[in-house]
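Heavy-atom basis, side chains included; hydrogens, waters and symmetry copies ignored.
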Amino acid sequence: MRTVLHQLGRYKKDTVICILMTTLEVIMDILLPFITAIIIDRGLEASNMSVVLRYGILMVVMAFLGLVFGAGAGKYAASASSGFAANLREAIYNNIQTFSFSNIDKFSVPSLVTRMTTDVTNVQNAFMMIIRQAVRAPLCLVFSYIMCLIISSTMSLTFLIALVFLVVVLGIIMVVTMKIFNEVFHKYDDLNASVQENISAIRVVKAFVREDFEDKKFSKASANLYKLFVKAEGLLALNNPAMMLAIYFCIMLVSWLGAHFIVSGSMSTGELTSLFSYVLSLMMSLMMLSMIVVMISMSMASIRRIGEVLEETPDLAEPDQPITEVQDGSIDFDHVQFSYKHGSGKNTLSDIDLHIHSGETIGVIGGTGCGKSSLVNLICRLYDVGEGTVRVGGVDVRKYDMEVLRNQVSVVLQKNTLFSGTILDNLRWGNPDATDEECKEACRAACADEFIDRLPDGYETRIARGGANVSGGQKQRLCIARALLKKPKVLILDDSTSAVDTATDAKIRAAFEKKIPGTTKIIIAQRVSSVENADRILVLDNGRIDGFDTHENLLKTNAIYREIYESQVQGGGDFDQPA
């Protein structure tokens with residue numbers, strides 16, 4: 001709770017003003033029935049029109065002030081709650097940006113989306129109700145009861161029966177519904193996961209004619225959410241009957257006792273009239289409090305979920321005195337062990353002892369799941385090693401400023417992503433200050449200029465979200481050009497030419513030799529043709545180094561590499577290359 005409320009920031013002032021104005025509004029409302037009693041007893045019954053006029057004007061002024069205070073409270077409540085929600089979303093988003101891959105793995109993407117949308121909206125609505133109604137209702141309750149005690153202490157004591165009844169009933173309802181709402185938000189995550197997965201993979205769904213299957217899966221998630229909401233709302237619906245029972249009980253009690261007191265002369269007509277007003281105000285305050293408790297019970301689950309994200313500490317911490325310069329592109333793995341789940345006993349990489357010279361071109365090959373991507377993720381410190389050391393430029397990667405390291409170790413990940421905007425906008429993710437000529441030079445090196453020049457708008461062509469309007473090969477070449485703009489000391493291509501024909505692949509590798517000869521290049525590939533001309537080739541098998549040598553030597557000494565090579569050559573070569 002403290003973590004979430006800390007995000008209120010500069011809207012604390014609006015919150016305090018809202019509470020102050022709400023208090024003044026309640027005072028105006030509470031005094032009106034008291035003045036009504038004076039008008040009836042001293043004015044109307046005594047036929048004193050001057051009293052009626054004087055107190056009537058006072059009532060109008062107080063009603064106007066109540067209106068002003070109420071409008072002001074509403075304005076500042078809206079400002080404070082909306083600002084609070086905006087701050088929460090920004091804080092969540094900013095904290096997510098600091099997460100390492102292992103932190104992101106801890107939360108699912110649909111869950112993070114739910115926390116930034118549905119959960120924040122719940123907290124916003126609850127906060128508005130708290131600073132507005134949760135201030136007004138208790139004040140009305142207390143002040144109304146005080147006024148009832150002033151008018152008739154004997155009759156006021158009987159109201160405690162209704163209060164105790166309501167507190168017990170509402171308490172039971174709240175305890176049960178809070179448990180249900182905790183489960184509701186987990187179901188929201190499932191629903192969002194179903195929607196996100198279906199929409200992001202809509203082409204696959206249609207290609208395999210799985211619309212009916214996806215519809216059923218979504219309907220199941222939606223039905224689970226529906227059942228929980230019906231159960232919760234069904235319990236909350238008992239609030240109103242319980243409240244009405246208490247109100248009618250109090251009205252009947254006031255009517256019966258009030259008639260006796262008036263007959264006996266211990267109470268005036270005006271006092272009975274004002275007592276009715278205070279009883280209704282008291283009961284309505286209780287009803288409002290029950291609604292507040294419902295809203296708070298819903299928001300508590302959201303607050304906990306938001307707090308989990310805000311309190312999540314990035315696994316990768318910046319060093320106290322970070323090194324801000326990478327000397328060269330040499331890479332050393334000293335007996336590295338790595339696991340995605342620490343303490344699980346199952347290593348993704350085991351005893352990796354590897355030494356790469358600056359400027360070398362290294363090919364990495366191996367079967368699916370052998371640890372190729374995991375290996376390169378450690379170089380740019382997307383994850384930290386479990387044991388051992390990874391050094392770049394002779395320095396442990398954990399001692400670098402992470403921004404400096406990642407600017408000098410440029411990675412084209414296995415899953416290429418482009419963003420909405422022009423081609424130039426996407427290229428400048430690599431270097432925001434790159435000139436048009438530098439962007440074109442990078443595209444020539446990545447062989448992306450071949451298709452860009454054919455586009456009607458050239459480099460100003462707009463890319464759809466996710467790069468939906470370019471092919472897989474075009475997307476890969478743009479991502480390579482974007483990485484080249486960083487002018488890195490280490491360039492990692494994680495299977496980043498898989499959708500490119502072998503002729504273009506060869507052109508790209510030739511351009512690398514010519515344009516960035518001093519850059520260390522690590523090429524992960526499934527095709528032998530993509531790595532056979534590398535200085536050395538690393539063969540991985542089940543998270544271990546099985547071979548590390550030249551193409552010719554590996555053919556002689558390494559069974560795995562020889563099997564991969566022969567299966568591709570005897571199978572007719574690459575898909576677009578003659579056997």
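Taken from CD1 in Ile131 to CZ in Phe84, the straight-line distance is 10.0 Å, to the nearest 0.5 Å. Considering CD of Glu318 and CG of Asp320, their distance stands at 10.5 Å, rounded to 0.5 Å.
In this structure a side-chain-to-backbone donor-acceptor pair under 3.5 Å is present from Ser410 to Ala483. In this structure, Ser222 contributes its side chain and Phe218 its backbone to no donor-acceptor pair below 3.5 Å. Listed for the Arg89 side chain is a donor-acceptor partner under 3.5 Å among the backbone atoms of Met116. Side-chain atoms of Asp494 do not come within 3.5 Å of backbone N or O of Val411 as any donor-acceptor pair. One N or O on the side chain of Asn87 and one on the backbone of Gln7 form a donor-acceptor pair closer than 3.5 Å. The main-chain N or O of Ala464 is found under 3.5 Å from a side-chain atom of Asn469 such that the two form a donor-acceptor pair. Under a 3.5 Å cut-off, the side chain of Asn407 and the backbone N or O of Glu403 do form a donor-acceptor pair. Of the possible polar contacts, none joining the Asn122 side chain to the Asp119 backbone as a donor-acceptor pair under 3.5 Å is found.
Using a 4.5 Å heavy-atom cutoff, the side chains of Val120 and Ile92 are in contact. Taking the side chain as every heavy atom from C-beta outward, Arg482 and Leu418 approach each other to under 4.5 Å. Tyr400 has its side chain out of reach of Arg381: every pair of non-hydrogen atoms, C-beta onward, lies at least 4.5 Å apart. Thr15 is listed as a side-chain neighbour of Phe127, based on a closest heavy-atom distance under 4.5 Å. At a threshold of 4.5 Å between non-hydrogen side-chain atoms, the residues Thr23 and Phe69 do not count as touching. Asn426 has its side chain out of reach of Leu478: every pair of non-hydrogen atoms, C-beta onward, lies at least 4.5 Å apart.
With sequence neighbours left out, the salt bridge (charged side-chain N to carboxylate O under 4.0 Å, His left out) criterion links Arg136 to Glu25, Asp29. By the salt bridge (charged side-chain N to carboxylate O under 4.0 Å, His left out) test, Lys75 pairs with no residue at all, sequence neighbours left out.
Between Arg305 and Glu308 there is no salt bridge, since no side-chain nitrogen of the basic residue lies less than 4.0 Å from a carboxylate oxygen of the acidic one.
Considering all non-hydrogen atoms of both residues, Arg406 and Cys380 come closest at NE-O, 3.2 Å. Nearest heavy atoms, Leu8 versus Ala80: CD1-O, 4.4 Å. Across every non-hydrogen atom of Val397 and Leu378, the tightest pair is CG2-O, 4.2 Å. Between Tyr383 and Leu316, the shortest heavy-atom distance links the atoms C-CD2, 4.1 Å. The minimum heavy-atom distance linking Val135 with Thr22 is given by the pair CG1-CG2, 4.0 Å. The heavy-atom pair separating Ser79 from Asp14 by the smallest distance is OG-OD2, 2.6 Å.
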Met59 and Ile39: CA distance, side-chain angles, deciding distance, side-chain contact (heavy atoms from CB on, under 4.5 Å) verdict: CA-CA 10 Å; Met59 280 188 70; Ile39 292 175; 3.5 Å; yes
Verdict with reasoning, Val60 to Phe64, per side-chain contact (heavy atoms from CB on, under 4.5 Å): CA-CA 6 Å; Val60 172; Phe64 178 75; 5.5 Å; no
Step-by-step side-chain contact (heavy atoms from CB on, under 4.5 Å) determination, Val61 to Leu65: CA-CA 6 Å; Val61 172; Leu65 288 174; 4.1 Å; yes
Residue pair Tyr340, Ser374: steps toward the side-chain hydrogen bond (donor to acceptor under 3.5 Å, both in side chains) verdict: CA-CA 9 Å; Tyr340 285 103; Ser374 301; 2.6 Å; yes
Derivation and outcome, side-chain contact (heavy atoms from CB on, under 4.5 Å), residues Leu88 and Gln124: CA-CA 9 Å; Leu88 271 179; Gln124 176 183 348; over 6 Å; no
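A parallel orientation is assigned to the rings of Phe419 and Trp429, their planes being inclined by less than 30° (bins at 30° and 60°).
The number of heavy-atom neighbours closer than 6.0 Å to CD of Gln97, taken from other residues, nucleotides and ligands shown, is above 12. No more than 12 heavy atoms of other residues, nucleotides or ligands shown are found within 6.0 angstrom of CD on Glu90. For NZ of Lys217, the number of neighbouring non-hydrogen atoms (other residues, nucleotides, ligands) closer than 6.0 Å is greater than 12.
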